[in-house]
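Along the sequence shown, residues are numbered consecutively beginning with 1.
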Amino acid sequence: MDEWKAGAGPDDFASDPPNATLSVYAPGSQENKMVVVEISHPVIEGKDMVYDYRLIEGTMPKAGGATALFIDWVGAGGGVGAGFHGAGAGARGVGRR
């Protein structure tokens, strides 16, 4: 979280909020529902990372099952390796608008 705070550098959440792809399993569907969001204002509440989001592409599902969030560019390395911050273990769902 320290890397993402405002004033932490040119790639902090305030200066350049990351895009993320949300992949949601929908029971009865052969493919996951995918949406692209911009996330901002992250905070840690207990074991959850809670953030605001702005829908960029797709339609946010009203319900679903297992969910994974793939955050773009967070940290050195981009999408894979040291900078990968994919799915978390929080129980809150898809953030808040």
**Item:** Stepwise side chain to side chain contact (heavy atoms under 4.5 Å, CB included) check, N19 with V37
**Value:** CA-CA 6 Å; N19 292 346; V37 296; over 6 Å; no

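S40 and D52 form no side-chain donor-acceptor contact under 3.5 Å, judged by distance and modelled atom types alone.
Smallest separation of non-hydrogen atoms from V24 and A63: CG1-O, 4.4 Å. For the residue pair G65 and P27, the shortest heavy atom distance occurs at N-CD, 4.3 Å. In terms of heavy-atom proximity, V35 sits nearest to P61 at CG1-CD, 4.4 Å.
Residue pairs meeting the salt bridge (charged side-chain N to carboxylate O under 4.0 Å, His left out) criterion with at least one partner in residues 32-42, sequence neighbours excluded, are E38-R54.
Shown here are the side-chain hydrogen bond (donor to acceptor under 3.5 Å, both in side chains) partners of T21, two or more places apart in sequence or in another chain: there are none.
Interatomic distance, CE of M60 versus CG of L55, reported as 5.5 Å (0.5 Å rounding). One distance of note links CD1 of I39 with CG of L69; it measures 5.5 Å at 0.5 Å rounding.
Under a 4.5 Å side-chain heavy-atom cut-off, the cluster of Ile, Leu, Val, Met, Phe, Trp and Tyr residues that includes I56 is completed by V36.
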